[in-house]
Visitor: 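One structure is given below, represented as structure tokens, and several questions about it will come after.
Atoms within a ligand are numbered from 1 in the order they appear, just like the ligands themselves.
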Amino acid sequence: MKHLVSIADLTRSDAISILDTAAQLDQVTEQGAKKLPTLRGRTVVNLFYEDSTRTRLSFELAAKRLSADVITFSAKGSSVSKGESLKDTALTLQSMGADAVVIRHPASGAAHQMAHTGWISAHIINAGDGTHEHPTQALLDAYTIRRHLAPEGQDFEGLTIGIVGDVLHSRVARSNIALLSSLGAKVIVVGPPTLMPVGIEEWPCEIRYQLDDSLAELDAIMMLRVQQERMSGSFFPSSEEYSREYGLNRSRAARLPEGAIVLHPGPMNRGVEISAEVADSHRSVITEQVANGVKVRMAVLYILIGGDTHG
Ligand code: CP
């Protein structure tokens, strides 16, 4: 595997290998090794054309924990604001000897373009491109689900996972549906018809429009952020109405099976897709998702770059 642009770049066994490697790295860190020498002498560039807290910080921490040199590039404050193209930015990073580029971009397809045009020879990792994919988010979500619901490393057969809300604008949902179904889980997608993408019937998931009917079946429920910033029109009458129909509140959470977990990729709209009470409840694994993001991104960097012969 040279790049990680989409979940389709991974076979099922590649995905399992990333989850297993993350677990091993977790063990090594728990035993006190805060920093590993694996990527010493390599350069990882974080190229962020869109805002991020979790993804940018966790890639930076993951690369530093593997002893790589890390450069974080934010489009704001760079020559992108003077009109520099993605191609010229890629050529600049190539000249500087980047070994890996972690890219977040508002345009779907930007990571694919960086990986497959020949502008740059570095490994390309998609940190979220438009409404297309966010593969490392899906991997960290799968890692979190596995730790809670399949702790012996068994596969996801027999697990039912709900993904709820603004599927239309969600790269997290696309990557998760592809990954979780390939690992053997049954995926149920729930949301208003206006927030379902065209062609979703062809995706490996079941589609429902009522949340209340599905709660009792779910081993894990992933609430999606309502992405107002990507909405050009009105997709539902009001936040209050959305929350009434699709928000995860205390009474809905109480109808989940015992042991069911609640996920959210962040950032959350507390009081819209999830109540503050549920976000902070014993079922919530949202802060664990953030911690697991570092281990999973370490595993991705280790597998992609660690195997290169270099220097
Ligand atoms: N989940 C996620 O991608 O969060 P950030 O936008 O903060 O990186």
Side-chain angles (χ1 to χ4, degrees), residues 4-7 18-19 22 44-65 70-76 100-111 124-145 147 161-180 191 195 220-231 248 261-270 272-274 278-280 284-301:
L4 179 55
V5 169
S6 145
I7 291 298
I18 292 171
L19 302 184
V44 175
V45 178
N46 284 329
L47 183 59
F48 277 67
Y49 287 83
E50 206 182 58
D51 294 343
S52 166
T53 299
R54 281 146 286 268
T55 312
R56 188 169 63 79
L57 292 179
S58 64
F59 264 114
E60 194 167 325
L61 199 52
K64 285 181 172 163
R65 288 205 172 146
V70 185
I71 302 168
T72 294
F73 169 109
S74 171
K76 283 177 205 147
V101 177
V102 177
I103 178 170
R104 169 167 289 191
H105 202 286
S108 300
I124 304 298
I125 302 170
N126 183 3
D129 63 325
T131 58
H132 174 227
E133 283 227 30
H134 192 351
T136 59
Q137 177 70 43
L139 286 161
L140 77 88
D141 292 336
Y143 183 82
T144 307
I145 292 167
R147 278 179 68 113
I161 298 167
I163 299 181
V164 181
D166 182 2
V167 184
L168 180 64
H169 301 103
S170 179
R171 53 199 181 203
V172 173
R174 277 171 182 72
S175 290
N176 262 297
I177 293 166
L179 179 64
L180 295 171
L195 289 175
I221 182 166
M222 184 182 299
M223 303 309 296
L224 300 173
R225 185 167 69 87
V226 173
Q227 299 195 41
Q228 292 283 4
E229 76 280 12
R230 295 193 204 275
M231 294 182 187
L248 187 60
I261 57 172
V262 173
L263 299 101
H264 192 300
M268 288 182 270
N269 296 307
R270 287 175 180 248
V272 182
E273 69 267 3
I274 188 166
V278 174
D280 299 330
S284 166
V285 296
I286 296 167
T287 53
E288 274 179 60
Q289 286 173 270
V290 176
N292 292 338
V294 178
K295 295 152 204 167
V296 166
R297 287 166 177 138
M298 281 173 81
V300 168
L301 291 169

Visitor: Can you list the residues that meet the salt bridge (Lys or Arg N to Asp or Glu O under 4.0 Å) rule with Arg104, with sequence neighbours excluded?
Guide: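 Salt bridge (Lys or Arg N to Asp or Glu O under 4.0 Å) list for Arg104, sorted by chain: empty.
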
Visitor: Output all residues satisfying side-chain contact (heavy atoms from CB on, under 4.5 Å) with Val70, sequence neighbours left out; order by chain, then residue number.
Guide: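 With neighbours one apart ignored, the set is Asn46, Glu60, Ala63, Lys64, Thr72.
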
Visitor: Quick one, Arg297 and Leu139 - any side-chain contact, counting heavy atoms below 4.5 Å?
Guide: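 Counting from C-beta outward, Arg297 and Leu139 never come under 4.5 Å.
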
Visitor: Can you confirm whether Ile7 sits close enough to Glu133 that some side-chain heavy atom of one is under 4.5 Å from a side-chain heavy atom of the other?
Guide: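 Yes, side chains in contact.
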
Visitor: Does a salt bridge link Asp129 with Arg174, judged by any charged N lying under 4.0 Å from a carboxylate O?
Guide: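 Salt bridge: no.
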
Visitor: Residues in ring-ring contact (aromatic ring centres under 6.0 Å, His included) with Tyr49, at least two apart?
Guide: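 For Tyr49 the ring-ring contact (aromatic ring centres under 6.0 Å, His included) partners, ignoring immediate neighbours, are His105.
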
Visitor: Taking non-hydrogen atoms within less than 4.0 Å of ligand 1, which protein residues qualify?
Guide: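 Contacts of ligand 1 under 4.0 Å: Ser52, Thr53, Arg54, Thr55, Arg104, His134, Gln137, Pro265, Gly266.
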
